[in-house]
Structures are given as structure tokens and as C-alpha cells.
Amino acid sequence: MSNPLTGSPGVPEKPSLEGLEDRWAGTWEHDATYRFDPTATRAEVFSIDTPPPTVSGSLHMGSVFGYVQTDAIARFRRMQGWKLFYPMGWDDNGLPTERRVQTYFGVTCDPSLPYDPDFTLPEEPGKDDIPVSRPNFIELCERLTAEDEQAFEELWRRIGLSVDWQRTYATIGDRARRTSQRMFLRNLARDEAYSSEAPTMWDVDFQTAVAQAEMEDKEQPGAYHRLRFDDIEIETTRPELVAACVALVAHPDDERYAARFGTSVHTPLFGVEVPVLAHRLAEPDKGTGIAMICTFGDITDVTWWRELGLPTRSIILRNGRIADTPPPGVPDGDAWRAIAGRTVKQAQRAMVEMLSASGEMVGDPRPITHPVKFYERGDRPLEIVTSRQWFIRNGGRDEALRQRLLERASELVWHPHYMKVRFDDWVNGLNGDWLVSRQRFFGVPIPIWYPLGPDGEADHDSPLVPDEARLPIDPTTDAPEGYTEEQRGKAGGFIGDPDVMDTWATSSVTPQIACGWEDDPDLFAATFPMDLRPQGPEIIRTWLFATLLRSHLEHGVVPWRHTTINGWILDPDRKKMSKSKGNVVTPMALLEEFGSDAVRYWACNGRPGTDTALDQGVMKIGRRLAIKVLNASKFALGRLGDGPVPGLDSVHEALDVALLAELAKLVEGATAAHEGFDYARALELTEGFFWSFCDDYVELVKTRAYGERSAEGADSARATLAIALSALHRLFAPFLPFVTEEVWSWWQEGSVHVAPWPTIAEVGPHSGAEPAVLDVAAQVLGAVRRVKTENKKSMRARVANLTVRAPRAVLLDVDAAREDIVDAAGVDNFDTEEGDALSVEVELADD
RNA sequence: GGGCGCUUAGCUCAGUUGGUUAGAGCGCAGCCUUCACACGGCUGAGGUCGCUGGUUCGAGUCCAGUAGCGCCCACCA
């Protein structure tokens with residue numbers, strides 16, 4: 001090893017962790033330590049598709065957990081020589097931001113308004129929300145999120161993420177909107193995107209359609225109501241939908257109803273004639289085995305309606321209320337008037353009263369709990385309404401595409417591997433194409449217009465698309481090519497699509513946004529397909545799936561080589577942490593209490609994919625480790641003396657050779673663990689070595705290193721200390737970037753984070769040596785300590801006589817470390833005798 | 001209802017392809033005010049590896065079943 005040491009002027013008298021974050025984060029920024037090298041070629045690059053955190057909320061420890069793990073991976077790869085492409089995005093596109101902007105600024109978005117470039121907010125908020133155009137609304141969103149993003153970046157810098165801060169993007173920014181719209185237009189051109197008027201899941205509060213991936217089941221109280229359709233009894237949890245009933249259905253093999261297939265019955269109260277039909281999805285075990293089909297009570301209704309070619313009798317409006325006028329075929333009588341205009345709940349009560357009174361309800365409602373579909377952010381159950389929506393084909397209705405996507409996912413290396421099952425389950429369970437349009441404002445607009453015929457009707461089958469060079473556009477304020485703004489909404493003119501895209505429609509192109517697809521072909525060629533996608537398990541079905549889908553459709557490749565799926569953060573009661581439960585701890589408080597390295601230590605202790613408890617005890621240990629690195633480094637560097645540090649060829653003492661052999665095993669093990677993305681294992685191995693290095697090896701050689709025995713012995717110890725210390729600083733660097741940079745700066749040039757990762761070659765010919773000498777010496781030392789402790793003596797107490805009994809082979813090892821043991825244990829007289837097993841007899845000197 | 005994961009010392013977790021007396025830290029107990037570290041150090045006590053079977057010379061590790069917990073998914077009759 002070369003000798004960069006010129007004394008140790010950099011070692012402070014009293015090393016401390018305080019202030020390291022600010023100092024080194026500033027230095028890294030100033031020195032552009034983590035800047036991407038734009039001249040790099042694909043073969044040299046390791047690129048990471050970092051999850052853009054949602055900036056509309058506050059960061060919590062769950063985010064820190066995953067990002068720090070990824071950073072440890074990134075730092076290892078960087079030291080291995082890869083040129084890191086490690087950008088950071090902000091997800092500021094979507095409902096949470098929209099809602100915050102509305103309340104924060106007191107505005108409401110009205111897409112029909114024209115853009116007002118001179119818009120300013122009033123000094124004092126008025127009583128009513130101010131209506132603003134969509135571009136104005138987006139400006140306000142960007143204004144609010146910019147502040148949040150600043151705070152986020154500060155936290156990320158403080159926790160030591162080695163991202164290239166010159167390469168950030170926001171999912172509502174121009175670049176992201178352009179990329180997202182371009183991808184949508186490409187999908188449209190290949191007929192992978194299409195619009196259709198169809199029943200869709202609808203949130204009556206948010207007033208928007210919802211995709212399968214955004215839905216979740218919630219257990220809700222409900223009740224079975226047994227209703228009489230002439231002589232047939234059915235059971236339903238939704239009696240309010242009787243007016244929407246279009247048929248009854250039973251299983252084709254159900255003998256109870258076989259004779260009735262093809263006949264008809266009358267709905268209670270309304271007396272509408274509906275057919276009795278057979279369908280394989282009807283379950284004989286549920287209720288009475290025969291169900292009423294309504295348009296639409298649930299997704300099965302939609303299936304039956306479609307496959308059995310039934311008419312439509314929709315009664316629920318988009319606001320969640322019953323329509324004022326009955327659907328075709330339903331009489332506008334007393335029964336209808338009792339439910340018209342009411343909410344679903346009110347209508348149900350009214351129906352139950354009327355059905356009881358008419359005798360068409362058998363017995364009392366039977367309370368149950370059952371799963372009901374909700375929008376993941378919603379408070380009321382989803383309804384199904386018919387509306388025009390945009391879809392992207394995702395294999396949900398295309399077996400061949402489904403299979404190709406499953407194959408693509410197999411090209412990805414999953415860490416841990418079993419997480420892939422979640423992807424497969426999701427793809428195999430898809431029941432329709434991806435609904436990407438949302439009836440919201442703050443999002444990436446669907447870049448489409450529709451021509452208006454002479455009658456003023458929009459022609460949805462011949463959408464007008466912009467030239468890609470114009471992107472991003474907003475069809476509610478920009479006019480299509482060949483038209484002028486005056487023609488908007490006029491017969492013979494055009495109308496813009498009012499909807500925005502699902503947030504995942506933009507999130508699913510993060511590789512393309514980050515890598516500069518079409519905007520920067522050189523960058524794209526150097527970074528895509530990317531090397532790593534780290535993310536949480538809960539968004540495999542959304543973010544990972546959608547990204548893979550769009551990369552497959554556009555580029556015909558899997559977008560990354562590896563994906564790491566992190567685990568959950570659990571609170572001390574082992575419950576998943578979430579804001580709603582109020583058990584979220586803010587990261588900054590912990591960073592201030594324990595220091596960034598300590599919090600990182602905790603995060604990196606979490607095994608890949610494994611749920612981890614938020615444990616301040618582990619952070620405490622991380623802090624202790626960081627302090628130990630400071631002190632041990634100071635001490636070891638102090639033993640190196642003032643002259644040049646001897647190199648590898650000075651190592652000849654058996655104990656030193658043994659230490660280097662152990663070190664080689666550590667380097668080998670930690671490197672292999674890292675290569676398999678198991679940062680936690682690498683940390684564990686390094687930490688284990690480090691503590692025994694401090695407790696045993698350093699104690700054994702500290703006297704010899706001073707040169708009190710011989711110059712050769714001192715040189716051997718000094719060379720070994722320097723080699724081990726250098727390797728340890730680098731092995732710890734991915735986990736404890738601040739303290740390792742600090743100690744590295746005491747005696748080395750440049751940043752430890754761009755220093756080469758340690759190799760076995762550094763310990764040269766000693767990598768295969770037997771480490772037994774160190775092990776035996778440590779055992780003897782431990783035995784002496786035990787006796788001193790038992791006799792309540794200081795560790796400095798002298799040993800009058802030390803006798804080691806062991807087999808001949810072991811005695812050779814003991815002899816090899818004899819002088820070091822004598823010095824470290826404070827021995828006056830040292831004897832060895834042959835014996836069966838290693839045993840140590842200690843006779844302490846008198847006080 | 002289907003799938004995946006977890007279950008090892010009081011607590012938080014390791015335990016790589018089955019191999020000798022099962023590991024770490026915290027906590028606990030005791031000792032040492034040591035000249036790198038009291039934001040310390042040393043030493044020690046503590047576990048029939050969820051349960052039941054099976055394979056094997058040998059199982060925390062493999063197989064089958066089972067219980068509890070967590071997560072994901074599923075057409076709300």
C-alpha cells in the first residue's frame with residue numbers, strides 16, 4: 001500500500017459526531033462528489049430509478065428506511081467503480097396535492113376558465129373559493145410543492161443520500177408532463193390506448209373514476225334482505241337497487257331453478273318483468289342460490305350484464321344519489337318517488353320500509369359484515385356508473401399480452417426473489433384494462449381534442465392529437481393544430497378532453513423522465529434500461545407493474561435489471577406504521593437525537609424485504625458504533641508513528657498475518673453480500689470484525705506497534721493496522737458515510753466515497769493464511785480478563801504467572817503471539833505445557 | 001376464499017448449501033473512574049429454535065400438516 005500519511009495533523013484531540021452531517025454534506029456538494037459523469041457509457045453506468053416521494057405529506061421513517069437502504073447499495077456500487085446515475089424525483093402530481101392547494105390558497109379549479117397570466121391571490125382569503133383555470137391551478141400547486149421539495153431535499157441531504165442533486169424532476173414538471181403525454185400518444189398510435197363508454201368504478205365524493213389498482217376492500221356491516229320476486233326468493237345486501245334490477249341469475253347446474261330458466265318474474269314494488277337466466281358465476285351456496293342482477297351493484301353485475309346482453313337501468317347518479325326520473329321500463333309511481341333523489345342509504349331505508357309493508361320482504365334483515373370496494377382514499381363505497389374513459393391495454397383482457405408481461409417480469413432479478421409472486425398474482429388477477437383517465441384537475445392532461453360535428457356533438461372516435469414537438473400541452477387551454485381558440489366548443493370546431501391522467505400514468509414513466517427519453521438521446525443511451533428499481537411491496541401492482549408495462553409496450557424491454565423490495569416499518573407493537581394510526585415518528589427528531597449515521601445503521605440493519613420495527617435501541621447502537629469508529633481510528637492512527645507507514649511487505653508476525661487473513665475473509669464476504677444486494681449482511685460482517693479488531697487485535701499489538709520490542713515487530717503491526725483501518729473505513733462507508741468520511745480525511749486524500757472498494761489483493765499473500773493465532777491469542781487474553789474481573793481487579797493488574805496448557809499444535813500458535821499476549825495481559829512469567837484442551841491458569845500478582 | 005412472509009434468549013434480530021456444546025446487540029447482574037473511547041471497557045447469567053409428525057448417522061436448517069401474527073390478492077347476491 002502506498003503511504004499517503006504525513007504525520008496525523010488531521011486527528012482532532014477529542015473526536016465527535018456533532019456537526020459531521022452539515023460539514024460533509026456541504027463538502028460533497030461543493031466537490032460534486034456524487035455528480036453523474038455525462039461522458040459515461042452504458043457499460044460503465046449503474047443507474048437507479050429512485051422512487052419519487054410524495055411531497056404533499058410529510059416524510060416519515062418508512063421513507064427514510066427504504067431510501068437509506070438504496071443509498072447503501074448505491075455507495076457500494078460507486079466504490080466498486082460504477083458511474084452512478086442516481087437522480088431524485090418528487091411526486092407532486094395527484095389528488096393529495098390538489099386537495100391541499102384548494103384549502104391552502106382558498107381556490108377551486110374550473111377547467112372551463114381561460115388561463116390568466118396576471119392572476120394574483122388576494123391579500124385576505126375571501127369567504128368563497130376563488131375559481132381559477134387549470135393552468136393557474138397548476139401554478140399554485142407548483143408553488144406550494146416547491147417549498148415542500150426544498151424541505152425534503154434538506155432532509156435527504158442530512159441523511160446522506162448520495163443522489164445527484166442536479167438531476168431532480170417533479171412529476172408535474174414540464175419534462176414529466178411531456179414524457180407522460182408523449183408516451184400516451186405513442187400508446188394511442190399503436191392502439192394500446194383507447195377510450196370507451198363503459199361502466200366504471202366511481203367515487204361519489206371525489207367525483208372521479210377509479211382504477212382497479214386504487215381500490216381496496218373494506219369490511220363493512222351490511223344485511224341480507226330476503227326479497228320475493230313472485231314465487232322466487234333472492235337475498236340481497238342492496239335492496240335499494242331493486243329498481244335497477246334487469247334479471248335474476250342462478251347457476252346452470254342448479255336444479256332448484258333449472259325449470260325457471262327462460263321464464264320471467266316481476267320485481268317487488270315496481271312490478272317490472274325480468275328474465276330468469278343461467279350463468280356459471282352464480283354461486284348456489286350464496287343466499288338462496290339465485291341473485292338479482294342490477295345495473296350496477298357490483299363488478300359481477302357488470303360481467304353478467306355484458307355477457308348476458310342485458311338492458312341498462314341505471315339509477316345511481318355520479319353524486320351518489322338516486323336519479324329523479326326512473327330508468328326506461330320502471331314506472332314513475334309511489335315506490336319510485338320514495339327513493340328518487342335520495343342518497344343510497346336513505347333509499348335503502350325507504351325500500352326496506354316499503355318492502356316490509358307490502359309483504360315482499362321475508363323476515364327481518366339479517367346483519368352481516370362483508371367486503372365492500374372503496375377508493376383507497378375514499379370514505380364511501382364505490383358505485384358503478386357509465387361514463388367515457390381512457391384505458392391502456394394491460395393484459396387484463398388479452399391473454400397473449402398477459403403472458404408476455406409475466407415473461408418480462410422474469411427477466412427482472414427480484415430481491416428478495418419471493419416478491420415476484422405478488423407481481424404474478426396481480427397480473428393473473430387483472431380483470432380489465434387500465435383505466436387511466438381521472439375527472440380531476442391537478443395532473444397531466446390527456447393530450448387529446450375531439451372535433452365537433454355540425455350538430456355540435458363530439459366525435460370521440462376521431463380524436464385530434466398534437467404534434468409531439470408541442471408537448472406538453474393542455475387541451476383545455478391550447479387549441480389543436482388547424483384550429484383557433486375561437487372554435488372551442490363551437491359546432492364544426494373542437495373540444496379538449498377535460499380529464500387528466502391517473503397519477504400512475506406519469507409515475508410509470510419515471511425511467512423515461514429520469515433518463516431523458518427523446519429529450520436527451522445520449523443520456524438515455526447511457527442509462528436505460530436502468531439497473532435498479534427500489535420500492536415498497538405495496539406498489540408492485542401499481543408502480544412496478546405499470547412501469548414494466550409501458551417499457552414493454554414502447555421499448556420492448558424490461559426497464560431495469562434488478563428490483564429491491566423493501567419491508568415495512570413497524571411500530572413497537574409490530575403494527576404497520578401509518579399516518580391514520582398516529583404512530584408516525586418524524587425523522588428529523590431522530591436524526592438530531594442519534595445522528596444520521598446511527599439512523600442509517602438502523603435502516604441498514606433491516607434485511608432486504610423484511611419488516612423492521614422502529615427501534616431506537618438499534619439507533620443507539622449505531623451511534624455507539626460511529627463513536628467507536630472515531631476513537632478506534634484516532635488510536636490506531638496514533639500508533640502509526642511519525643515516519644512513513646510501512647507497507648504490506650513488512651507484515652511478518654504471525655498475529656498480523658492472521659488478522660489480514662481474517663480481513664480477507666471479511667472483504668470477500670461483504671463484497672459477495674453487497675453483490676447480492678444484501679447490504680444488511682455486509683454491515684453485520686463488517687461490524688463483527690470491527691469489534692473484535694478493537695477488543696482483541698488492537699489490544700494485543702498496541703505495545704508492539706510503539707516499537708518497544710523491535711523495529712521489525714513495530715513495522716509489521718503498523719502496516720497491518722494501516723491496511724485494516726483503511727479497509728474498515730471503506731467497508732463502513734456505504735452505511736456510515738459521515739463518520740467514515742471524517743476519519744478518512746484524517747489520513748487520506750479525497751473522499752472515501754469515491755475510493756476503490758477493498759479487494760483481497762490488498763492483503764496480498766496473507767489472504768489464505770490460517771487465522772488461528774489471532775483466535776488463540778484472543779482466547780488467552782479473554783481468560784486473563786475473566787480472572788481479573790472475578791478478582792475485582794483492574795485490567796491493568798499484573799499477572800505474576802500465566803500458564804497455558806494446550807495440544808502441541810495450539811501451543812505453536814500461542815508461542816507465535818507470546819510477546820503480544822505478555823504485553824497485553826501484563827504478564828511477568830509465562831509458561832506453556834502440553835495438555836488435552838486449551839486451558840489457562842492465571843496467578844495474579846500481589847497489589 | 002387464494003397467495004406470500006414471519007414465529008429462535010425478557011426485547012430487537014442473525015443463523016448462507018442440514019454437521020460438533022444455537023449467535024449478536026439491547027436490557028439485566030457484576031467488575032473496572034484504563035493514559036482511544038463513561039456517548040465507555042471487561043466479564044457473566046439467560047434459549048427443549050410456535051406446535052405435531054416425517055426424511056436422515058445427524059434438523060433451527062429439508063418435507064408434510066397445524067396454530068398465531070402480518071401483508072397482498074379475490075365477482076359487494
Side-chain angles (χ1 to χ4, degrees), chain A residues 11 14-18 216-218 220 222 224-225 227 234-238 241 248-249 281-283 286-294 297-304 368 370-374 381-382 384 416 418-422 424-426 428-429 431 537-538 540-541 567-568 570 572 574-576 594-595 598 602 605-607 609-618 620-621 623-639 669 672-673 676 678 680-681 684 687-688 691 694-695 698-699 702 782 785-797:
Chain A
V11 183
K14 184 82 180 167
S16 160
L17 296 180
E18 309 314 319
E216 61 184 29
D217 287 352
K218 290 188 187 173
Q220 292 288 302
Y224 279 128
H225 304 74
L227 307 184
I234 63 102
E235 285 201 321
T236 180
T237 55
R238 304 202 62 180
L241 291 178
L248 299 190
V249 64
L281 284 183
E283 293 179 31
K286 272 194 182 174
T288 58
I290 187 163
M292 71 170 182
I293 304 175
C294 305
D298 61 37
I299 296 174
T300 319
D301 280 342
V302 177
T303 307
W304 281 325
I368 54 155
H370 61 158
V372 178
K373 287 244 175 289
F374 279 71
L382 293 170
I384 297 175
Y418 57 79
M419 287 291 183
K420 177 173 184 293
V421 176
R422 298 195 187 206
D424 293 346
D425 284 352
W426 171 252
N428 286 319
N431 56 29
E538 79 284 12
I540 289 174
R541 62 178 181 155
W568 290 112
L570 308 171
R574 292 203 61 80
K575 296 283 187 325
K576 178 183 155 189
F594 298 100
W602 160 76
N605 253 285
R607 255 59 194 176
T610 301
D611 295 349
T612 300
L614 182 68
D615 188 345
Q616 301 197 9
V618 177
K620 226 170 101 183
I621 297 156
R623 182 175 175 82
R624 196 181 60 149
L625 174 63
I627 292 169
K628 190 76 175 179
V629 168
L630 285 177
N631 288 314
S633 298
K634 174 179 184 238
F635 183 61
L637 291 176
R639 301 278 146 165
D678 192 352
R681 176 95 183 129
E684 186 190 24
E687 193 185 2
W691 283 106
C694 293
D695 294 346
V698 172
E699 289 298 322
K702 66 182 182 185
R785 283 172 178 155
R786 191 173 310 122
V787 172
K788 289 181 179 176
T789 297
E790 282 163 1
N791 288 280
K792 307 192 177 184
K793 295 284 188 184
S794 155
M795 287 299 136
R796 233 176 1 169

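All chains are named by letter (A, B, ...) in the order of the sequence lines, taking the proteins before the strands, and each is independently numbered beginning at 1. Computed over heavy atoms, backbone and side chain alike; hydrogens, waters and symmetry mates excluded.
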(message) Measuring from the side chain of A/A632 (C-beta onward, heavy atoms only), which nucleotide among B/rC73, B/rA36, B/rC37 has the closest atom?
(response) B/rA36
(request) Name the nucleic acid region contacted by A/S633, choosing base, sugar-phosphate or nothing; use a 4.0 angstrom heavy-atom cut-off, strictly under. (result) nothing
(message) From the set B/rC31, B/rC75, B/rA14, return the single nucleotide nearest to any side-chain atom of A/T789.
(response) B/rC31
(message) What is the distance, to the nearest angstrom, from the CZ atom on A/R786 to the P atom on B/rC32?
(response) 18 Å
(request) Determine the contact category for A/S794: base if any of its heavy atoms lies under 4.0 Å from a base atom, sugar-phosphate if only primed atoms, P, OP1 or OP2 are that close, otherwise nothing. (result) base
(request) Write down the atom of A/P416, the atom of A/G609, and the distance for their closest heavy-atom approach. (result) CD-CA, 3.8 Å
(request) Report the distance from atom CZ of A/R639 to atom C1' of B/rC37, rounded to the nearest whole Å. (result) 13 Å
(request) Could you please name the option among B/rC13, B/rC71, B/rU16 that lies closest to any side-chain atom of A/R681? (result) B/rU16
(message) Regarding A/M795, tell me which of base, sugar-phosphate or nothing describes its non-hydrogen contacts under 4.0 Å with the strands shown.
(response) base
(request) Calculate the interatomic distance between A/N631 atom CG and B/rA36 atom C1'; express it in whole Å. (result) 5 Å
(request) Describe the nucleic acid contact of A/E216 in one word from base, sugar-phosphate, nothing, applying a heavy-atom distance below 4.0 Å. (result) nothing
(request) Taking atom C1' in both B/rU61 and B/rU16, compute the distance separating them and give it to the nearest angstrom. (result) 10 Å
(request) Classify the nucleic acid contact of A/V372 as base, sugar-phosphate or nothing, counting any heavy atom under 4.0 Å across all strands shown. (result) base
(request) Could you tell me whether A/K628 contacts a base, only the sugar-phosphate backbone, or nothing, with contacts defined as non-hydrogen atoms closer than 4.0 Å? (result) base
(message) Taking the basic N atoms (NZ, or NE/NH1/NH2) and the acidic carboxylate oxygens, is any pair closer than 4.0 Å for A/K628 and A/E687?
(response) no
(message) Suppose we define a pair by two distances each less than 3.5 Å, Watson-Crick or G-U wobble; what does B/rC4 pair with here?
(response) B/rG70
(message) Between B/rC42 and B/rC35, how many Å separate the two P atoms, rounded to a whole number?
(response) 15 Å
(message) Both A/G287 and A/G429 contact RNA chain B. Taking the nearest nucleotide for each, which residue is further toward the 5' end?
(response) A/G429
(message) Which nucleotide wins on minimum distance to the side chain of A/K286, given the candidates B/rA14, B/rG3, B/rC76?
(response) B/rC76
(request) Round to the nearest Å and state the distance from A/K373 atom NZ to B/rC76 atom C1'. (result) 8 Å
(message) Output the rounded distance in Å from CZ (A/R796) to C1' (B/rC35).
(response) 8 Å
(message) Taking only the P atom of each, what is the distance from B/rC51 to B/rU56 in whole angstrom?
(response) 23 Å
(request) Both distances under 3.5 Å, Watson-Crick or G-U wobble: report the partner of B/rU34, or none. (result) none
(request) Using a 4.0 Å heavy-atom cut-off across all strands, classify A/G297 as base, sugar-phosphate, or nothing. (result) base
(request) Looking only at non-hydrogen atoms, find the nearest pair between A/A282 and A/V249 and report the distance. (result) CB-O, 4.0 Å
(request) Quick one: label A/L382 by what it contacts on the DNA or RNA (base, sugar-phosphate, nothing), any heavy atom closer than 4.0 Å. (result) base
(message) With a 4.0 Å cutoff (strictly under), does any side-chain N or O of A/R541 reach OP1 or OP2 of B/rC72?
(response) no
(request) Calculate, to the nearest 0.5 Å, the distance between atoms CZ and CG belonging to A/F594 and A/L17 respectively. (result) 12.5 Å
(request) Rounded to whole angstrom, note down the C1' distance from B/rA29 over to B/rG10. (result) 14 Å
(message) Strictly by Watson-Crick or wobble contacts shorter than 3.5 Å, is anything paired with B/rA64, and which nucleotide is it?
(response) B/rU52
(message) Reading RNA chain B from 5' onward, which residue's closest nucleotide shows up sooner: A/G782 or A/R607?
(response) A/R607
(request) To the nearest Å, give me how far apart CD (A/E684) and C1' (B/rG23) are. (result) 9 Å
(message) So, under a plain 3.5 Å distance rule, would you say the side chain of A/R422 forms a donor-acceptor pair with the base of B/rC72?
(response) no
(message) Can you tell me whether the side chain of A/E699 and the base of B/rA36 have a donor-acceptor pair closer than 3.5 Å?
(response) yes
(request) Quick one: closest heavy-atom pair of A/R422 and A/P537, and the distance? (result) NH1-CB, 3.8 Å
(message) Closer than 3.5 angstrom, by distance alone: can the side chain of A/K788 be matched with the main-chain N or O of A/K793 as a donor-acceptor pair?
(response) no
(request) Select base, sugar-phosphate, or nothing to describe what A/D424 touches, counting heavy atoms under 4.0 Å on all strands. (result) nothing
(request) To the nearest 0.5 angstrom, please state how far the CG atom of A/D615 sits from the NZ atom of A/K620. (result) 10.0 Å
(request) Give the rounded distance in Å between these two atoms: CE of A/M292 and C1' of B/rC75. (result) 15 Å
What protein N or O atoms touch nucleotides 24-28 of chain B N or O atoms at under 3.5 angstrom, if any, and at what distances?
{"from": "B/rC26", "atom 1": "OP1", "to": "A/R624", "atom 2": "NH1", "distance (Å)": "3.3"}
{"from": "B/rG27", "atom 1": "OP1", "to": "A/K620", "atom 2": "NZ", "distance (Å)": "3.3"}

(request) Answer yes or no: does a side-chain N or O of A/K420 lie under 4.0 Å from OP1 or OP2 of B/rC4? (result) no
(request) Please check if the side chain of A/T610 supplies one atom and the backbone of A/G606 the other of a donor-acceptor pair under 3.5 Å. (result) no
(request) Begin from the C-alpha positions of A/K373 and A/I299 and carry the test side chain to side chain contact (heavy atoms under 4.5 Å, CB included) through to its verdict. (result) CA-CA 10 Å; A/K373 287 244 175 289; A/I299 296 174; 3.9 Å; yes
(request) Using the C1' atom as the reference point in each nucleotide, state the distance between B/rU7 and B/rA45 in Å, no decimals. (result) 25 Å
(request) In whole angstrom, give me the gap between the P atoms of B/rG25 and B/rG41. (result) 11 Å
(message) By the 4.0 Å heavy-atom rule, please label A/A672 as base, sugar-phosphate, or nothing.
(response) nothing
(request) Output yes when a side-chain donor or acceptor of A/W602 lies under 3.5 Å from a complementary backbone atom of A/A613, and no otherwise. (result) yes
(request) Could you please name the partner base of B/rG23, counting Watson-Crick and G-U wobble pairs only when both distances are under 3.5 Å? (result) B/rC13
(request) Could you tell me which non-hydrogen atom of A/L241 sits nearest to which non-hydrogen atom of A/C294, and how far apart they are? (result) O-SG, 3.4 Å
(request) Could you please name the option among B/rG41, B/rA36, B/rC75 that lies closest to any side-chain atom of A/E283? (result) B/rC75
(message) Between B/rG65 and B/rA9, how far apart are the two C1' atoms, rounded to whole Å?
(response) 28 Å
(request) When you get a sec, tell me which of B/rG5, B/rC76, B/rG70 is the closest nucleotide to the side chain of A/D611? (result) B/rG70
(message) Using the C1' atom as the point on both nucleotides, what is the distance between B/rG5 and B/rG18, in whole Å?
(response) 22 Å
(message) Counting only Watson-Crick pairs (N1-N3 plus N6-O4 or O6-N4) and G-U wobbles (N1-O2, O6-N3), all under 3.5 Å, who is the partner of B/rC75?
(response) none
(message) Output the rounded distance in Å from NZ (A/K634) to P (B/rC35).
(response) 11 Å
